[in-house]
Enquirer: 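This is the structure, below, for whatever I ask next.
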Amino acid sequence: MAGKTIVITSGKGGVGKTTSSANIGTALAMQGNKVCLIDADIGLRNLDVVMGLENRIVYDIVDVVESNCRLEQAMIRDKRYDGLYLLPAAQTRDKTSVTPFQMKELIEKLKEDMDFIVVDSPAGIEQGFKNAIAGADRAIIVTTPEISAVRDADRIIGLLEAEGLRDPEVIINRIRADMVDRGDMMGIDDMIEILAIDLIGIVPEDEGIVVSTNKGEPIALNDNAKAGQAYRNIARRIMGEDLPMMPLEKDSFITRFKKLVGLS
Amino acid sequence: MKSDDKKSKSVAKERLQFVLVQDRVKLTPDEMDAMRDELIGVLSKYIDVDSQKIEMDVKREDDMTALVANFPLKGSK
């Protein structure tokens, strides 16, 4: 089997890289793929808690590259879906504990057995970022409709292209239809025009993300959540399906009314 | 709506485009201004440029990044 490696990156922190990695990985597994999530944010590991797998860590990625354990020993199997694994980051080490070469080797090994390897990149453009993109075949950039996030996304596009990762795609996260309509938030078209790259998904702002992160259950598992649907669609697009973008929906009159009176 | 009461989205887009020009060509704002002034100087020797309406943008296209500059002529529409 020759799996594909996708790095999820952004430049700016806090735009939803880890949430996106967790949900894309989960959604790909829901489609029947064998998936390994890699947390490349060494020293600031978080993909484990977002996935709800933090209590099952014995070994981590640094243990693997230092040969303290075998690769399979460090991979946590997610019991909710067949074929979903997490390779956690080390928490007490720093970014220099893994080199881009080691990362590439590790990914090559995983590719033999996996359909997809999803690498959650740390914020920034230094060593951790370089490690995260080292073995990637494809890059997905996460951004939000804010100047700072789009600016950093633009910078990342340039860096990825310099490293030979052509044609990255973008997820626009946390968009709010009501604010776009009011003219108080950049819309999808504005951002795509500026970044000049392909859109692979739009994830609406969804309170359910906070709830799902609280519980350690990726929102992709929730059939009723808009953001969950958005991530399931992204997974299908990654697999090559030509799926139209979900239209951005404004809150219904009832929901707005409930929010107004504090019921929702 | 008052004319100076621009939607914040348009302000964001303009500021972003401006800052990305600098990021993409890796020039400081001062260097950008200097380049712009020199370009105006050269062009003005030959044509009547309306320096108030100049637009410069760095666009990413399929296989290249290009500096796209618009120098409207004075009195033209």
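Throughout, protein chains are lettered first and strands after them, A, B, ... in sequence-line order, and every chain is numbered starting at 1.
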Enquirer: Looking only at non-hydrogen atoms, find the nearest pair between E241(A) and R236(A) and report the distance.
Expert: OE2-NH2, 2.5 Å
Enquirer: Is there a donor-acceptor pair closer than 3.5 Å between any side-chain N or O of D184(A) and the backbone N or O of M179(A)?
Expert: no
Enquirer: Relative to chain B, which segment of M185(A) carries a heavy atom at a distance below 4.5 Å: side chain, backbone, both, or neither?
Expert: backbone
Enquirer: If contact means a heavy atom pair closer than 4.5 Å, which residues of residues 192-204 of chain A contact chain B?
Expert: E193(A), I194(A), L195(A), A196(A)
Enquirer: Considering only distance and modelled atom types, tabulate donor-acceptor pairs under 3.5 Å from the side chains of residues 34-50 of chain B, sequence neighbours left out.
Expert:
residue	atom	partner	partner atom	Å
R36(B)	NH2	S51(B)	O	3.3
S44(B)	OG	I40(B)	O	2.6
D50(B)	OD1	Q52(B)	N	3.2

Enquirer: Taking every heavy-atom pair that is under 4.5 Å apart, which of L16(B), V19(B), D23(B) has the most such pairs with chain A?
Expert: L16(B)
Enquirer: Hey, is the main chain of G43(A) close enough, under 3.5 Å, to the side chain of D94(A) for a donor-acceptor pair?
Expert: no
Enquirer: So, do V21(B) and D57(B) sit near enough that their side-chain heavy atoms are less than 4.5 Å apart?
Expert: yes
Enquirer: Do you know the tightest heavy-atom contact between S21(A) and L37(A)?
Expert: O-CD2, 3.2 Å
Enquirer: Just to be sure I understand the criterion: a residue of residues 130-156 of chain A counts if one of its heavy atoms is under 4.5 Å from a heavy atom of chain B. Which ones qualify?
Expert: I147(A), V150(A), R151(A), D154(A)
Enquirer: Quick check: do M239(A) and L28(A) have side-chain heavy atoms less than 4.5 Å from each other?
Expert: yes
Enquirer: Does atom CZ of R182(A) have more than 12 heavy-atom neighbours, drawn from other residues, nucleotides or ligands, at distances under 6.0 Å?
Expert: yes
Enquirer: With sequence neighbours excluded, what pairs up with E14(B) under the side-chain hydrogen bond (donor to acceptor under 3.5 Å, both in side chains) test?
Expert: K6(B)
Enquirer: Give a yes or no on whether a salt bridge exists between D206(A) and R174(A), defined as a side-chain N under 4.0 angstrom from a carboxylate O.
Expert: no
